[in-house]
Protein chains: 2
Amino acid sequence: MKQTKISEAVVRRLPIYLQVLNELNNREVQTVSSQELGVKLDLNPAQIRKDLAYFGDFGRKGIGYDVTYLIEKIRQILKLDQTINVALVGAGNLGHALCNYNKYSKDNMKIIAVFDVHPSKIGSQINNLTVMPMDMLKQTVEENNIRIGIITVPGFEAQNVANQFIDAGIEGLLNFAPAILKVPEEIRIHHADFTKELLSLAYYLERERDDENEPNLD
Amino acid sequence: MKQTKISEAVVRRLPIYLQVLNELNNREVQTVSSQELGVKLDLNPAQIRKDLAYFGDFGRKGIGYDVTYLIEKIRQILKLDQTINVALVGAGNLGHALCNYNKYSKDNMKIIAVFDVHPSKIGSQINNLTVMPMDMLKQTVEENNIRIGIITVPGFEAQNVANQFIDAGIEGLLNFAPAILKVPEEIRIHHADFTKELLSLAYYLERERDDENEPNLD
DNA sequence: TAGATTGTTAATCGATTAACAATC
DNA sequence: TAGATTGTTAATCGATTAACAATC
């Protein structure tokens, strides 16, 4: 298929495909059909085929997709075949968690610098990284070709941190703070605010009939 | 508007509305129009009006929406007006982060119990909660009317934890582990897997001209 | 060959946006 | 009243799904 503009919905599914494919690869499965992927992911096989076909003819008619080849291709599409350096601001528990997670990742996307706004945190170690003060952000970003910034500070500090990242020349931001950030159009910003997931989850719970004060039956 | 089936897209926007409204409320803004909300959230005003109208006539023609009233209404819709107890499994950094976050929340959604699969973690304190062993999960869930489970364990443990939550009678799950979980249809599961956000963010970066690679054809 | 499965077009479905009467 | 803004219908846009020729 020719290069149409690819919708965000499609791009967001690519990492999910990659995850299943990696699992299949670990189990040394050679080949997979859109049908099988669809069952695993609860997606329509036609959608999976269409998504992949935006980027090239990766499958073989009558056969399916070669698992390792498709992994390679999706990694290319997501630019995981090149090194992408990441910086993180906010050396709290969440920051720690992300750095740890990073350690185990095979992706070429690595958190290579950690910053904090609070003097008490500066100099402490997270894995093999030393927490740096904010006034070293710009220089560090420039010198290390850091392209993505992760924000794990409290909401009220988030905009300020975002501004400093942007000033330093970052291309993309991943924001964990519960705040709506204003960024220039050319900066890509993704949100990873779990509170929103939690609140929308509550919507789907059964409403408790709590008005009649039923006692806990145990 | 009458009660049509409400789409997931609509429900997912409700927490975002709530966030902006809370900010406005903190600044003691009395009234807001869909126009103003649209500018702040980069959403079409008609969409905002339509979303809200699914649940009732909350606005006043010619005036807009009363901020505190709309907050109250959205909180009702999301069931944040009632207490919803939450349990978390996985007392690592991410688990810690979520528990801390929780402390500051005004919502009636509270993490009231923390578990871990590893003996070394049992008995340690997170805020005012003592980390409990997994064999206390079912009893605790039942006795405390815990309705939501949060999973912050490594991917390979996630399915097992999910199964135990389901066995204990949980209604909804929030999964942070990078794993695709199989759950019965009646269990609502939301994913908060930041790696996916990070990977899809990489897609939108400019491809580096790092070697002789052909540029993107778009 | 017969069966399986892709890539792609066409049909369907659903979500977003425009437009406007109602009304504050 | 005149201006503003809602709630809602109709129009548009885009995404998903079905169907099928191509082909392994």
Side-chain angles (χ1 to χ4, degrees), chain A residues 1-17 20-21 24 29-74 77 200 203, chain B residues 1-17 20-21 24 29-74 77 200 203 217-218:
Chain A
M1 183 184 262
K2 294 297 134 322
Q3 184 84 356
T4 333
K5 217 207 0 331
I6 285 146
S7 84
E8 225 163 290
V10 173
V11 175
R12 287 180 179 280
R13 281 191 292 268
L14 294 178
I16 306 175
Y17 298 155
V20 186
L21 290 165
L24 290 169
V29 176
Q30 308 286 311
T31 296
V32 70
S33 68
S34 61
Q35 177 63 233
E36 292 168 302
L37 288 174
V39 169
K40 278 185 190 296
L41 291 168
D42 209 10
L43 291 176
N44 185 298
Q47 179 169 67
I48 295 172
R49 293 200 300 279
K50 200 164 201 244
D51 284 353
L52 297 173
Y54 281 113
F55 302 99
D57 290 2
F58 301 147
R60 289 215 293 161
K61 291 177 181 175
I63 308 288
Y65 299 90
D66 182 89
V67 173
T68 52
Y69 180 69
L70 191 51
I71 288 175
E72 191 193 317
K73 284 300 173 185
I74 295 180
I77 296 161
S200 62
Y203 174 82
Chain B
M1 185 184 260
K2 293 300 134 315
Q3 184 84 356
T4 333
K5 211 193 25 316
I6 286 147
S7 85
E8 226 164 289
V10 174
V11 175
R12 286 179 181 281
R13 283 191 291 269
L14 295 178
I16 307 175
Y17 298 154
V20 187
L21 289 165
L24 290 169
V29 176
Q30 309 285 311
T31 296
V32 70
S33 67
S34 61
Q35 176 65 234
E36 293 168 301
L37 287 174
V39 170
K40 277 185 192 296
L41 291 168
D42 208 12
L43 291 176
N44 184 298
Q47 180 170 67
I48 296 172
R49 293 201 298 280
K50 201 165 200 246
D51 284 354
L52 297 174
Y54 281 113
F55 302 98
D57 292 0
F58 301 148
R60 288 216 294 161
K61 291 175 181 174
I63 308 288
Y65 299 90
D66 181 88
V67 173
T68 52
Y69 180 69
L70 191 51
I71 287 174
E72 191 193 318
K73 283 300 173 184
I74 295 180
I77 295 162
S200 62
Y203 174 83
L217 18 120
D218 41 12

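Residue numbers start from 1 in every chain, and the chains themselves are labelled A, B, ... in the order their sequence lines are given, proteins ahead of strands.
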Please write out the pairs of protein N or O atoms and N or O atoms of nucleotides 2-4 of chain C separated by less than 3.5 Å, giving the distance to one decimal.
none

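- Taking all atoms of both residues into account, the shortest heavy-atom contact from B/Val67 to B/Thr31 is CG2-N, 3.8 Å.
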Problem - Protein-to-nucleotide contact annotation, 5' to 3' order, nucleotides 10-19 of chain D [B base; S sugar-phosphate only; - none; under 4.0 Å, heavy atom] - result: -----SBBBB
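- Spacing between atom CZ of B/Phe58 and atom P of D/dT8 amounts to 11 Å, rounded to whole angstrom units.
- Scanning both residues, B/Ser200 and A/Pro15, for their nearest heavy atoms gives N-CG, 4.1 Å.
- Not counting sequence neighbours, the partners of A/Arg13 by the salt bridge (charged side-chain N to carboxylate O under 4.0 Å, His left out) test are A/Asp51.
- Listed here is the closest heavy atom pair of B/Ile6 and B/Val11: CG2-CG2, 3.8 Å.
- Every salt bridge (charged side-chain N to carboxylate O under 4.0 Å, His left out) that A/Arg12 has, sequence neighbours left out, goes to A/Glu8, B/Glu197.
- As a whole-Å value, the separation of A/Tyr69 OH from D/dC24 P is 14 Å.
- The shortest side-chain heavy-atom distance between B/Leu43 and B/Ile16 does not fall under the 4.5 Å cut-off.
- Evaluation of the side chain to side chain contact (heavy atoms under 4.5 Å, CB included) rule for B/Gln35 yields B/Ser33, B/Val39, B/Pro45 as partners, not counting sequence neighbours.
- In plain terms, the two heavy atoms of B/Gln47 and B/Tyr17 that are nearest each other are O-OH, 4.4 Å.
- Rounded to whole Å, atom P of C/dG7 lies 15 Å from atom CD of A/Gln35.
- In terms of phosphate contacts, A/Tyr65 brings a side-chain nitrogen or oxygen within less than 4.0 Å of OP1 or OP2 of C/dG7.
- Looking at B/Val20 and B/Val32, their side chains never come closer than 4.5 Å, going by heavy atoms from C-beta outward.
- The interatomic distance linking B/Glu36 (CD) with D/dT6 (C1') rounds to 14 Å, in whole Å.
- Across all their heavy atoms, A/Tyr203 and B/Ile77 have their closest contact at CD1-O, 3.5 Å.
- Listed by first residue number, the stems of DNA chain C with at least three Watson-Crick or G-U pairs below 3.5 Å are C:3-24 with D:3-24.
- Of all heavy-atom pairs spanning A/Phe55 and A/Val10, the tightest one is CE1-CG1, 4.1 Å.
- Distances shorter than 4.0 Å separate some side-chain N or O of B/Ser34 from OP1 or OP2 on D/dT6.
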